[in-house]
J.: 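Once you've had a glance at the structure underneath, I'll fire off some questions.
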Amino acid sequence: MKSNAKQQLIEQYPLNWSEAKIQSFREQLLGWYDQHQRDLPWRRTDNPYYIWVSEIMLQQTQVDTVKPYYERFIETLPTIEALATASEAELLSLWQGLGYYSRVRNMQVAAQQVMSDYDGQMPKTIEGLLSLKGIGPYTAGAVGSIAFGLVEPAIDGNVMRIMSRLFEIDQDITLTSTRKLMAAYLYQLIDPERPGDFNQALMDIGATIMTPTNYEPLESPLLDFDQSYHNGTAHLFPIKAKKVKVIPQMKFAYAIRNVEGEYLVRQHTEDELLHGLWHFPMADVEMVMEGVTQHELLEPLLDQYPEITESLLRQAQLIQFNGDQLQAPTIIHQFSHRKWTVTLVEVALNNSAISNFESLKWASMAQMTELPLSTLQQKLMQQIKS
DNA sequence: AAAACGGGGCT
DNA sequence: AGCCCAGTTTT
């Protein structure tokens with residue numbers, strides 16, 4: 001990261017620790033690492049390519065599973081050039097069983113980028129690493145710090161858990177702002193003499209001591225700095241908002257206009273979303289076909305609203321066909337738990353229908369604007385005006 | 001900034 | 001069978 005951006009981040013989230021306390025943190029962490037670091041194949045090399053391969057593999061798989069894959073991969077494709085020119089069949093067979101096959105394809109694209117854009121050498125800056133396909137902020141930080149000594153944090157799930165517990169960070173770790181806060185703290189904590197070891201030490205502690213379910217990490221070299229341990233709150237961290245899954249739904253909304261220029265509208269009931277707000281009548285549909293017919297457009301409406309009869313629509317004219325091609329706008333409306341894709345179907349009646357129905361009534365555009373409307377309905381009405 | 005993606009592993 | 005994970009890419 002550029003030093004001015006880094007400085008700004010630190011000013012935004014200052015740690016306010018004394019130099020002595022920061023020094024002590026580094027000494028505890030690195031002293032522990034010197035004694036307890038795990039002996040892993042990719043820690044016996046300083047070849048940036050090998051370290052890169054290991055980081056990509058470790059993104060998706062546990063250490064013990066990765067080991068044999070790693071050994072075979074670097075033996076078979078020992079250089080970036082070999083990776084860049086390998087056949088797809090060879091790549092896939094080397095990766096078979098690891099999953100996330102797009103990542104090995106991305107890695108080959110990146111190897112080709114290195115050959116063409118970087119003269120066959122891995123770029124030695126964060127920006128350069130980030131320019132490679134498949135390398136995001138975590139991998140750039142890991143490879144950059146371990147292989148090139150760049151003073152950059154490598155924030156993965158382990159590190160987020162550790163940071164959220166050390167500082168009792170009570171924000172959702174899936175938020176970008178929370179990761180920025182952690183990056184700011186880590187820029188202040190990271191040892192500029194040994195950034196790669198600093199990052200790997202944190203990851204080892206996360207993997208072996210400050211695990212997801214160990215709330216009393218008595219062996220942790222960071223115990224003195226561990227707020228959640230001292231307050232007995234470790235089990236509360238990290239805070240991860242459980243994401244409700246969004247159910248996609250397709251709907252038609254019918255803008256049915258009579259000769260007076262009025263539209264049929266209805267107020268959503270309490271068993272519906274957008275309760276109390278007024279809308280064009282809407283109907284659920286499975287999917288919208290490419291070559292949908294006029295009949296198919298109106299069928300869901302008749303199904304869902306018994307009071308709208310076929311005789312009423314006998315004179316209906318669908319005004320959105322250009323030749324046979326339907327040209328209907330769609331509006332996306334996102335709820336916390338639903339995503340509606342609403343296709344606006346415009347219907348012009350030639351007869352002068354005036355009587356109101358049980359739950360539907362006629363309203364001019366001007367009258368509608370006096371009613372409580374959802375943003376969805378406003379967007380639909382916007383489509384008609386233009 | 002938020003959503004989509006992805007396939008092995010777990011319940 | 002369906003949910004979950006942990007990072008990157010895409011929008």
Side-chain angles (χ1 to χ4, degrees), chain A residues 1 5 9 12 42 51-70 88 91-114 122-123 126-146 152-164 169 171-184 186 199-200 202-204 206-207 210-213 237-250 330-341 375:
Chain A
M1 179 183 251
L9 196 57
Q12 191 178 354
W42 43 90
I51 292 165
W52 173 31
V53 170
S54 74
E55 287 299 337
I56 297 294
M57 287 184 171
L58 287 165
Q59 278 173 16
Q60 57 216 14
T61 316
Q62 294 177 335
V63 164
D64 284 336
T65 311
V66 163
K67 282 180 186 170
Y69 281 91
Y70 167 82
E88 182 176 42
L91 280 189
L92 292 180
S93 82
L94 284 170
W95 211 262
Q96 192 144 85
L98 281 178
Y100 291 89
Y101 299 93
S102 66
R103 305 210 174 196
V104 73
R105 292 200 181 92
N106 285 343
M107 200 161 50
Q108 182 175 48
V109 172
Q112 291 160 355
Q113 285 179 279
V114 171
M122 294 260 321
I126 281 291
E127 292 78 13
L129 290 167
L130 284 172
S131 75
L132 299 177
K133 193 90 170 164
I135 296 190
Y138 165 73
T139 309
V143 174
S145 65
I146 297 168
E152 295 287 336
I155 306 175
D156 70 351
N158 280 325
V159 172
M160 285 196 281
R161 182 173 61 257
I162 292 172
M163 293 299 287
S164 69
I169 296 171
Q171 302 173 48
D172 180 356
I173 60 165
T174 65
L175 297 176
T176 310
S177 58
T178 308
R179 297 183 193 187
K180 274 179 65 179
L181 168 70
M182 292 187 181
L186 284 165
N199 287 332
Q200 292 183 96
L202 281 183
M203 291 189 260
D204 273 13
M210 294 181 70
T211 59
T213 55
F237 301 95
I239 290 172
K240 217 182 297 189
K242 50 179 176 291
K243 54 179 181 291
V244 288
K245 88 156 164 210
V246 177
I247 298 166
Q249 291 180 321
M250 307 258 314
T330 62
I331 304 290
I332 307 275
H333 193 78
Q334 185 84 46
F335 298 93
S336 56
H337 57 312
R338 290 285 141 84
K339 179 185 178 177
W340 286 359
T341 303
T375 60

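Naming: A, B, ... by sequence-line order, numbering from 1 per chain.
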J.: Quick one: ring-ring contact (aromatic ring centres under 6.0 Å, His included) partners of Y70(A), sequence neighbours excluded?
T.: W42(A)
J.: Respond yes when some side-chain nitrogen or oxygen of K180(A) is under 4.0 Å from OP1 or OP2 of dA1(B), and no when none is.
T.: no
J.: In whole angstrom, give the distance that lies between atom NZ of K133(A) and atom P of dT9(C).
T.: 6 Å
J.: Counting only heavy atoms not in Q334(A), do more than 12 fall under 6.0 Å of its CD?
T.: yes
J.: Measure from NZ or CZ of R103(A) to the centre of the six-membered ring of Y100(A) and say whether it is under 6.0 Å with the direction within 45° of the ring axis.
T.: yes
J.: Tell me which nucleotide among dA3(B), dT8(C), dT10(C) gets nearest to the side chain of Q334(A).
T.: dA3(B)
J.: If I compare all heavy atoms of L132(A) with all of Q113(A), which pair ends up nearest, and what's the gap?
T.: CA-OE1, 3.4 Å
J.: In residues 100-113 of chain A, which residues come under 4.0 Å of DNA chain B by heavy atom?
T.: Y100(A), Y101(A)
J.: Taking atom C1' of dA1(B) as reference, at what distance in whole Å does atom CD1 of I173(A) sit?
T.: 17 Å
J.: How many whole angstroms separate atom CZ of R179(A) from atom P of dA2(B)?
T.: 11 Å
J.: Atom NZ of K240(A) and atom P of dC4(C): how far apart are they, to the nearest Å?
T.: 11 Å
J.: For the side chain of T176(A), counting heavy atoms from C-beta on, which of dA1(B), dG7(C), dT9(C) is nearest?
T.: dA1(B)
J.: Mind calculating the distance between CE (M203(A)) and C1' (dG7(C)) to the nearest angstrom?
T.: 13 Å
J.: Rounded to whole angstroms, how far apart are CD on Q59(A) and C1' on dC5(B)?
T.: 14 Å
J.: Between P on dG7(B) and CD1 on I56(A), what's the gap in Å once rounded to a whole number?
T.: 16 Å
J.: Take I56(A) and T139(A) through the test side-chain contact (heavy atoms from CB on, under 4.5 Å) and record every step on the way to the result.
T.: CA-CA 7 Å; I56(A) 297 294; T139(A) 309; 4.2 Å; yes
J.: Locate the shortest heavy-atom distance separating Q171(A) from S177(A); write the atom from each residue and the value.
T.: OE1-OG, 4.0 Å
J.: Might you point out which heavy atoms bring I146(A) and E55(A) nearest each other, and give the distance in Å?
T.: CD1-OE2, 3.9 Å
J.: Rounded to whole angstrom units, what separation is found between the CG atom of L130(A) and the P atom of dT10(C)?
T.: 14 Å
J.: I want to check one thing: is the phosphate of dA4(B), taken as OP1 and OP2, less than 4.0 Å away from some side-chain N or O of K339(A)?
T.: yes
J.: Kindly point out which of dT8(C), dA3(B), dA1(B) is positioned nearest to the side chain of T139(A)?
T.: dT8(C)
